[in-house]
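This report refers to the structure that appears directly beneath it.
All values below were derived from every heavy atom in this structure, side-chain atoms included, with hydrogens, water molecules and symmetry-related copies excluded. Letters A, B, ... are given to chains in the order of the sequence lines, protein chains preceding strands, and every chain is numbered from 1.
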2 protein chains.
Amino acid sequence: MASTSENLTKNQKTVLGVLENSSEPMKAYTILYDIQKKGIKSPLQVYRALDKLIEIGKVHKIESRNSYVACKHEGCNAKTSTSFLICEKCDNVTELIGNNLFSYFSKQADKNNFKYNKHCLEIFGLCENCKLKNQFI
Amino acid sequence: MASTSENLTKNQKTVLGVLENSSEPMKAYTILYDIQKKGIKSPLQVYRALDKLIEIGKVHKIESRNSYVACKHEGCNAKTSTSFLICEKCDNVTELIGNNLFSYFSKQADKNNFKYNKHCLEIFGLCENCKLKNQFI
DNA sequence: AGTGTAATGTTATAATATTACATTTTGAAT
DNA sequence: ATTCAAAATGTAATATTATAACATTACACT
C-alpha cells in the first residue's frame, strides 16, 4: 500500500484533517492558527506537512491564492498537475478531473517544441450558485 | 488612443523598461534593486507600477513563481488571462498566444455549470533547447 | 485660482515561506 | 534486542513577497 492516510505522521494527519473539514481552501497561516492547540506551533511544521501532503496528492496548492485544499478524489492522479474552477464571487473552488487536459496541453506544448511534464490551471468566473444569483441583479 | 507606453508615468516606464530588457521573468524585489538608482526606493512603488502594467496588459504575472514578465505581443489581449510554457531546467518562459484556449476552457467550465471569465495556465516541462541537451545525458 | 483625480513618496507592517541546526522517532538490517 | 540511517520533529531566526496608512504632489478641467 502506498501513501494512504494511514501512514501519515501526526502533524500530517492534523493538517490534512483541518483541510478536509474546511469547506474552502485555507492559507498556511490560517491552518497554523487553527491547530496551535494541537501542538503545532511553527509555520514550518505546517509547511512541512503541506509539502508531504502535496507530494502524495492529498492536497493541492492554488497558486494564485497561496491557498491549499484537500483533494476529495480517491486516488487523485493530480500529484503534480492541478486544474481548478475558482469562483470570483464566493471563492468556492472546484477541481476539474477526469478530463483530457493533459493531452490537450501536450499538443499545445508540442506546437512550441516544448515537452509537457505537468501544469497548473486556474479558471476564474462564476460558480453555479453565484451565476443564478447574478441574474437578478 | 488607449494605454500605449506613451502615457505611462515615470515609475511605470522605469519598471516596464527593466522588464523589457530582461531575458527572463523578474521578481518584484529584483526589479526594485535594479532601479533604486533611478529614484524608486520602496517596494510599493514597484508593486503599484506592476499593478497598472498588468491592468493594461503590458506585463503578466507568473503566479507559480511570483514573477513578472513584459509582454512581447503588440496589443496582447491577455489583459487578464495568461498562458505560459515554463522550462523546469532553465526557467525560460514562453507565452502561449493566438490559440483557442479560451473556448476550450469555456467548454470545460460549462460542463461544471461554471461561467468562464478568465484563466491562468502554467505548463511546466522542457523547452526546445533543454530537450535537445537532455538527449545526451 | 479652485477642485477633483490619479499618481507619488515614505514609513511601517502584514503575510507567506525558508534556513539552519539540534533532537527524536521510526523502522529495517543485522 | 541492538544498531544504524533515514525521516520526521522542534525551535528560533530570518528571508521573501505584498499591502496598509497617510501625507504630498502633479495635472487636467473648469
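With sequence neighbours excluded, no residue satisfies side-chain hydrogen bond (donor to acceptor under 3.5 Å, both in side chains) with E24(A).
Put simply, NZ on K52(A) is 15 Å from P on dA6(D), counting in whole angstrom units. To the nearest angstrom, P of dT18(C) lies 15 Å from CG of L32(A). The distance from atom CG of D51(A) to atom P of dT18(C) is 7 Å, rounded to the nearest whole Å. Distance, I31(B) CD1 to dT16(D) P: 16 Å, rounded to whole Å. Remark: P of dA8(D) and CG of L8(A) are 10 Å apart, rounded to the nearest angstrom.
When all heavy atoms are compared, the tightest approach of L19(A) to Y68(A) is CD2-O, 3.4 Å.
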Pairs: protein N or O with nucleotides 9-17 of chain C N or O, under 3.5 Å:
from: dG9(C); atom 1: OP2; to: N11(B); atom 2: ND2; distance (Å): 2.8
from: dG9(C); atom 1: OP2; to: Q45(B); atom 2: NE2; distance (Å): 2.5
from: dG9(C); atom 1: O5'; to: Q45(B); atom 2: NE2; distance (Å): 3.4
from: dG9(C); atom 1: N7; to: R48(B); atom 2: NH2; distance (Å): 2.4
from: dG9(C); atom 1: O6; to: R48(B); atom 2: NH1; distance (Å): 3.2
from: dG9(C); atom 1: O6; to: R48(B); atom 2: NH2; distance (Å): 3.2
from: dT10(C); atom 1: OP2; to: K41(B); atom 2: NZ; distance (Å): 3.4
from: dT16(C); atom 1: OP1; to: K27(A); atom 2: NZ; distance (Å): 2.6
from: dA17(C); atom 1: OP1; to: K61(A); atom 2: NZ; distance (Å): 2.8
from: dA17(C); atom 1: OP1; to: N66(A); atom 2: OD1; distance (Å): 3.4
from: dA17(C); atom 1: OP2; to: Y47(A); atom 2: OH; distance (Å): 3.0
from: dA17(C); atom 1: OP2; to: Y68(A); atom 2: OH; distance (Å): 3.2
from: dA17(C); atom 1: O5'; to: Y47(A); atom 2: OH; distance (Å): 3.4
from: dA17(C); atom 1: N7; to: Y29(A); atom 2: OH; distance (Å): 2.8
from: dA17(C); atom 1: N6; to: Y29(A); atom 2: OH; distance (Å): 3.2

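A salt bridge does not link D110(B) to K115(B): none of the charged nitrogens lies less than 4.0 Å from a carboxylate oxygen.
Using a 4.0 Å cut-off, no side-chain N or O of T9(B) falls inside it from OP1 or OP2 of dA6(C).
The CG atom of L53(A) sits 6.5 Å away from atom CG of L50(A), with the distance rounded to the nearest 0.5 Å. Within the model, atoms OH of Y104(A) and OH of Y116(A) stand 13.5 Å from one another, a figure rounded to the nearest 0.5 Å.
For the pair K58(B)/C71(B), no side-chain contact is recorded, criterion being any heavy-atom separation below 4.5 Å from C-beta on.
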